[in-house]
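Counting convention: from 1, in listed order, for ligands and their atoms alike. Scope of the values below: all heavy atoms of this structure, side chains included, with no hydrogens, waters or symmetry mates.
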Amino acid sequence: MKIQNITCIGAGYVGGPTMSVIADRCPHIRVTVVDMNAERIAAWNSDHIPIFEPGLDAVVKRARGENLFFSTDIDAAIKSADCIFMSVNTPTKTEGEGAGRAADLKYIIACAEQIARSAQDHTIVVEKSTLPVRTAEKIKEILAKNSKQSFDVLSNPEFLAEGTAIKDLENPDRVLIGGENPEAIAALFEVYAQWVAKEKIITTNVWSAEMAKLAANAMLAQRVSSINSLSAFCEATEADIDEVAKVLGSDSRIGSKFLKAGIGFGGSCFKKDILNLVYLCEHHGLPEVAAYWEQVLVMNDWQKKRIAQLVIKKLGGQVKGKKIAVLGFAFKKDTNDTREAPAILVCETLLQAGAEVVVFDPKVSAQKVQADLSYLSTHQSHLKSANTVNDACVGVDAVIVLTEWDQFKMIDWASVATQTKKSAWIFDARNCTNHAAIRAAGLNLWVVGK
Ligand code: UDX
Ligand code: ADP
């Protein structure tokens, strides 16, 4: 078994960058990324690729048209492939058994059915999307039922984080390949071994690989909830969360990463994967384990609500008619992704309390902000966007920093203070701004965990 033709179904945040790096690092492999969303594919083929991710543009430009192709012809791409990655979305179910918690596998199932219909030879099918444990079994069943071809199903979960995707793909901590057939595992191993040190490629059985991905996200999210819970404790005492995190992080058993207190985690993975883990634990008769992990989400929601309410409290207990600037709408810096962004809940709370909200984000468009809050139809006229920090801050009673964009470190607060109302409040919910400059400009300051 040798992989020469890869097809990836799903040209999203995972499929697009992952395949671009594989194509870039393996010039001998033809990589085709397909999606049913024609607009998305057209964007991948244009000068304005649909995802903002540092370094991605350059990788796409190098490989596109050489051995990297973006297409809507899904059947043709399946036919020509010896290895197919499934990188379709797996949202949380909105109805039926497990609604609100279990992962919705409808896109995966549709994908497997289409592979079964069109595959022409032995094909390795790779799960790339995060999936519930034992999904590979289901995929195998669908393939066997609908096709005469033979298949190997591997689990190769993606660990890239948005904003650092290219770095994470080019120099991963590890690559995980779960499977049964050693030949198929070896074939995929060979692809990654083109640029990843062999000792970093971990092979496991398929169930461990599926489980490890859910567990890794749950444990990362748990660290964020742990530090955020302590941020509230610091605010109630004279402790400082930065100092506490420094002490914790210098213990090599704990490690320093993922100890940054903030507004709470967002993104497409953490909440979805924990809900899925909770659902599966309950399904397997482990209610105590389910309750343990669910608390990570409870704490995350609490942190977002607590900070939104704190803003209202500091502004005199009500914000009706007040103007508030929100700096940062993406769920973290260096991405234009707003899925599960804490800014959505904060804006909702303020708009519902009668405030006028002006959003500035360097990479999230005004249309996207409107679309994410469109469910609040009655408050839409009180939601505006600005093109610069200073424009967002004109006449405001308060500024809330919700994403840790690097440019917010360098804000000229003396200049901002000439725009805001006198003695406006600055709420730094990411602990990422120049606090001395804010105080020197005569503005009031609140910082998470201080
Ligand atoms: C995550 C995992 O890191 C990645 O391995 C997996 O493949 C997908 O899910 P992502 O959601 O893109 O990646 O970003 P990540 O850097 O993990 O941040 C998630 C959220 O936690 C963000 O909202 C971020 O701001 C927040 N966070 C992270 C903190 O608040 N504090 C921290 O110390 C770290
Ligand atoms: P992720 O963050 O996991 O990459 P995205 O939502 O960004 O998720 O991308 C998933 C992509 O998969 C979407 O562009 C969607 O159109 C595509 N997709 C879902 N199901 C199918 C399918 N059966 N065939 C082709 N593309 C699909």
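- The side-chain hydrogen bond (donor to acceptor under 3.5 Å, both in side chains) with K333 is formed by just one residue from the set T403, D361, D406; it is D406.
- You'll find the side chain of L383 stays beyond 4.5 Å of the side chain of L376, heavy atoms only.
- In this structure, the protein non-hydrogen atom closest to atom 1 (C) of ligand 1 is F270 CE1, 3.4 Å.
- Summarising the contacts of atom 10 (P) of ligand 1 with R339, K333, E162, the nearest heavy atom is found in E162.
- Side-chain contact, S118 with D75: a donor N or O sits under 3.5 Å from an acceptor N or O.
- Counting protein heavy atoms only, atom 25 (O) of ligand 1 is closest to R430 NH1, 2.8 Å.
- Closest approach of R40 and P50 over heavy atoms only: O-CG, 4.0 Å.
- For atom 15 (P) of ligand 1, the closest non-hydrogen atom on the protein side is K332 NZ, 3.6 Å.
- Of the N or O atoms in F331, one or more lie within a sub-3.5 Å distance of an N or O in ligand 1.
- Protein heavy atom nearest atom 18 (N) of ligand 2, with residue, atom name and distance: V88 CG1, 3.7 Å.
- Enclosure of atom NZ in K138 is not indicated, since only 12 or fewer non-hydrogen atoms of other residues, nucleotides or ligands lie within 6.0 angstrom.
- Ring geometry for F270 against F265 counts as perpendicular: the plane angle is over 60°, on a 0 to 90° scale with 30° as the lower cut.
- Among all protein heavy atoms, the one lying closest to atom 24 (N) of ligand 2 is I9 CG2, 3.5 Å.
- For ligand 2, the polar-atom distance check finds an N/O of D35 within less than 3.5 Å of one of the ligand's N/O atoms.
- Looking only at protein heavy atoms, the nearest one to atom 4 (O) of ligand 2 is V14 N, 2.9 Å.
- The nearest protein atom to atom 9 (O) of ligand 1, hydrogens excluded, is given as C269 CB, 3.4 Å; this is a heavy-atom distance.
- Residue S129 does not touch ligand 2, judged by heavy-atom distances below 4.0 Å.
- Under a 4.0 Å criterion applied to the non-hydrogen atoms of K213, ligand 1 contributes the atoms 6 (C), 7 (O).
- Scanning the protein heavy atoms around atom 19 (C) of ligand 2, the nearest turns out to be N89 OD1, 3.3 Å.
- In L160, the part holding a heavy atom less than 4.0 Å from any atom of ligand 1 is the backbone.
- At a heavy-atom cutoff of 4.0 Å, ligand 1 is contacted by no atom of E340, backbone or side chain.
- A distance-only check finds a donor-acceptor pair linking the side chain of D428 to the backbone of T433 [under 3.5 Å].
- Among F265, F159, Y13, the residue whose heavy atom lies closest to atom 26 (C) of ligand 1 is F265.
- If you check which protein heavy atom lies closest to atom 28 (C) of ligand 1, you get F258 CE2, 3.5 Å.
- Residue-level proximity to ligand 1 for E158 is carried by the backbone, the only part with a heavy atom below 4.0 angstrom.
- Ligand-side atoms of ligand 1 in range of V224: 27 (N), 28 (C), 29 (C), 30 (O), 31 (N), 32 (C), 34 (C), range being under 4.0 angstrom from any heavy atom.
- Nearest protein neighbour of atom 31 (N) of ligand 1, counting heavy atoms only, is K260 O, 2.9 Å.
- Not a single N or O atom of N37, backbone or side chain, sits closer than 3.5 Å to an N or O atom of ligand 2.
- With hydrogens left out, the protein atom closest to atom 3 (O) of ligand 1 is L220 CD1, 3.7 Å, a heavy atom.
- When heavy-atom distances to ligand 1 are checked against a 4.0 Å cut-off, N217 comes that close only through its side chain, counted from C-beta outward.
- Between atom 22 (C) of ligand 2 and the options E39, M36, E113, K128, the minimum heavy-atom separation is to M36.
- Counted by atom type alone, S231 and Q303 present one or more donor-acceptor pairs between their side chains at under 3.5 Å.
- Nearest-heavy-atom check against atom 13 (C) of ligand 2 across R339, K272, R40 picks out R40.
- Of the polar atoms of G266, at least one N or O is found under 3.5 Å from an N or O of ligand 1, judged by distance alone.
- Checking only distances, E404 never comes within under 3.5 Å of ligand 1, N or O to N or O.
- In A161, the parts holding a heavy atom less than 4.0 Å from any atom of ligand 1 are both the side chain and the backbone.
- Below 30°, between 30° and 60°, or above 60°: for W425 and F427 the angle between ring planes is below 30°, a parallel geometry.
- Interface of I74 with ligand 2, defined as ligand atoms under 4.0 Å from a residue heavy atom, comprises 24 (N), 25 (C).
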